[in-house]
Amino acid sequence: MTQQHQTRIEAVADLPVIRIIREFEALPERVFRAFVDPELFAQWCGPRSIETRIERWDARTGGEWRYSAIRTGDDDFTMGFWGSFHEVRPSERIVQTWAYDGSPDHASLETMIFETLEGGRCRLTSTAVVESIELRDQMLASGMETGVREGYEQLDELLEDGR
């Protein structure tokens, strides 16, 4: 198994911003593809206890997306997420909105930068701007960290498999 990288999740001081930084043992093209290909995205997104079901996925500038996160073996536990792709620049950048059905009035704007590193690696920096510092802190306290970390671990496994 490849080296496991740390996922840094940071609240930007005095701003309603969450920054997530993670390196992967794959070229940016491969990491980017795992974010825009709905079949690949569904295999790694979220914690291991969740199954991701894609409902809409049009990963292009101006496209929209929607998926449900369902607790494995418990169809009664479902969370819906949706948004639009503002900009999709292959292997470089994705700008999208992101909203949760349980809090539809609090959409965030997320920018993901895929940076080439030496040795065929990629650094992903995701910056999400939310409505308020209070909302940012609620998101951080919600358990999102587990979903992000486990999701990226699953992405490592997917990339290791050569997909």
Side-chain angles (χ1 to χ4, degrees), residues 1-50 52 54 57-67 69 81-100 106-131 133 135-163:
M1 180 174 244
T2 60
Q3 169 188 351
Q4 290 295 312
H5 293 282
Q6 296 285 355
T7 300
R8 289 191 351 235
I9 301 174
E10 308 169 343
V12 177
D14 301 323
L15 292 174
V17 172
I18 298 171
R19 183 169 298 124
I20 303 170
I21 303 166
R22 180 63 149 68
E23 292 182 10
F24 295 94
E25 297 294 323
L27 292 168
E29 294 80 14
R30 292 184 58 221
V31 178
F32 178 87
R33 182 170 175 246
F35 277 82
V36 297
D37 181 317
E39 290 181 27
L40 295 176
F41 184 84
Q43 292 178 51
W44 68 264
C45 179
R48 293 183 187 278
S49 62
I50 296 292
T52 299
I54 304 294
W57 200 266
D58 185 9
R60 64 175 175 81
T61 298
E64 64 179 337
W65 60 270
R66 180 175 178 80
Y67 68 86
F81 301 94
W82 52 275
S84 60
F85 291 102
H86 179 74
E87 177 186 13
V88 178
R89 193 181 313 161
S91 305
E92 293 179 16
R93 174 181 165 103
I94 298 171
V95 180
Q96 65 184 13
T97 58
W98 189 94
Y100 164 56
H106 299 292
S108 65
L109 179 66
E110 182 178 28
T111 301
M112 292 174 276
I113 304 295
F114 300 80
E115 178 185 353
T116 301
L117 300 176
E118 288 183 20
R121 297 173 24 253
C122 174
R123 177 180 299 122
L124 172 63
T125 302
S126 172
T127 305
V129 180
V130 298
E131 188 174 301
I133 290 175
L135 181 61
R136 175 202 70 189
D137 292 345
Q138 288 172 6
M139 289 174 69
L140 290 169
S142 73
M144 72 165 273
E145 181 177 334
T146 299
V148 171
R149 289 185 195 284
E150 288 185 10
Y152 285 168
E153 289 169 5
Q154 292 177 106
L155 179 51
D156 282 333
E157 294 162 11
L158 188 70
L159 293 167
E160 187 176 287
D161 286 347
R163 291 179 273 174

Is there side-chain contact between F24 and D156, with at least one heavy-atom pair below 4.5 Å?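 In short, these two side chains touch, coming nearer than 4.5 Å.
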With heavy-atom distances below 4.5 Å as the criterion, would you say the side chains of I50 and E150 are in contact?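 Not touching, per the 4.5 Å side-chain cut-off.
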Does the pair T7 and E153 meet the rule for a side chain to side chain contact (heavy atoms under 4.5 Å, CB included), with working shown? CA-CA 9 Å; T7 300; E153 289 169 5; over 6 Å; no
Could you give the distance from [atom1] ([X]) to [atom2] ([Y]), rounded to the nearest 0.5 Å?
{"X": "Q96", "Y": "S108", "atom1": "CD", "atom2": "OG", "result": "8.0 Å"}
{"X": "I113", "Y": "L124", "atom1": "CD1", "atom2": "CG", "result": "9.0 Å"}
{"X": "R30", "Y": "L158", "atom1": "CZ", "atom2": "CG", "result": "8.5 Å"}
{"X": "E160", "Y": "L155", "atom1": "CD", "atom2": "CG", "result": "11.5 Å"}
{"X": "M112", "Y": "E110", "atom1": "CE", "atom2": "CD", "result": "4.5 Å"}
{"X": "E25", "Y": "L117", "atom1": "CD", "atom2": "CG", "result": "9.0 Å"}

Main-chain N/O of [Y] paired to [X] side chain as donor or acceptor, under 3.5 Å:
{"X": "T52", "Y": "C45", "value": "yes"}
{"X": "R33", "Y": "L40", "value": "no"}
{"X": "W44", "Y": "A34", "value": "yes"}

Over all heavy atoms of both residues, which pair between [X] and [Y] is shortest? Give the atoms and the distance, please.
{"X": "R60", "Y": "V88", "value": "C-CG2, 3.6 Å"}
{"X": "D37", "Y": "E39", "value": "OD1-N, 2.9 Å"}
{"X": "F32", "Y": "P90", "value": "CZ-CA, 3.4 Å"}
{"X": "W65", "Y": "S84", "value": "NE1-N, 3.6 Å"}
{"X": "P28", "Y": "S91", "value": "CB-O, 3.8 Å"}
{"X": "R121", "Y": "E118", "value": "NH1-O, 3.1 Å"}

Are there more than 12 heavy atoms of other residues, nucleotides or ligands under 6.0 Å from atom NE2 of H106?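 Correct, the count exceeds 12.
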Test side chain to side chain contact (heavy atoms under 4.5 Å, CB included) applied to I20 and M144, step by step: CA-CA 11 Å; I20 303 170; M144 72 165 273; 4.0 Å; yes
The test is side chain to side chain contact (heavy atoms under 4.5 Å, CB included); show your working for D58 and F85 and say whether it passes. CA-CA 8 Å; D58 185 9; F85 291 102; 5.5 Å; no
Residues in salt bridge (charged side-chain N to carboxylate O under 4.0 Å, His left out) contact with E115, at least two apart in sequence or another chain: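 Checked E115 against salt bridge (charged side-chain N to carboxylate O under 4.0 Å, His left out); matches are R123.
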Give a yes-or-no answer on whether the side chains of T127 and T111 include a donor-acceptor pair shorter than 3.5 Å.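 No - no donor-acceptor pair under 3.5 Å links their side chains.
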May I ask you to say whether E87 pairs ionically with R89, meaning some side-chain N is under 4.0 Å from a carboxylate O?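 Result for this pair is yes, salt bridge flagged.
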Show, in sequence, the C-alpha distance, side-chain angles and deciding distance for Q43 and Q154, and conclude whether the side chain to side chain contact (heavy atoms under 4.5 Å, CB included) test is met. CA-CA 8 Å; Q43 292 178 51; Q154 292 177 106; over 6 Å; no
Measure up the F35 and F114 rings against each other and bin them: parallel (under 30°), tilted (30 to 60°), perpendicular (over 60°).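 If you compare the ring of F35 with that of F114, the planes turn out perpendicular.
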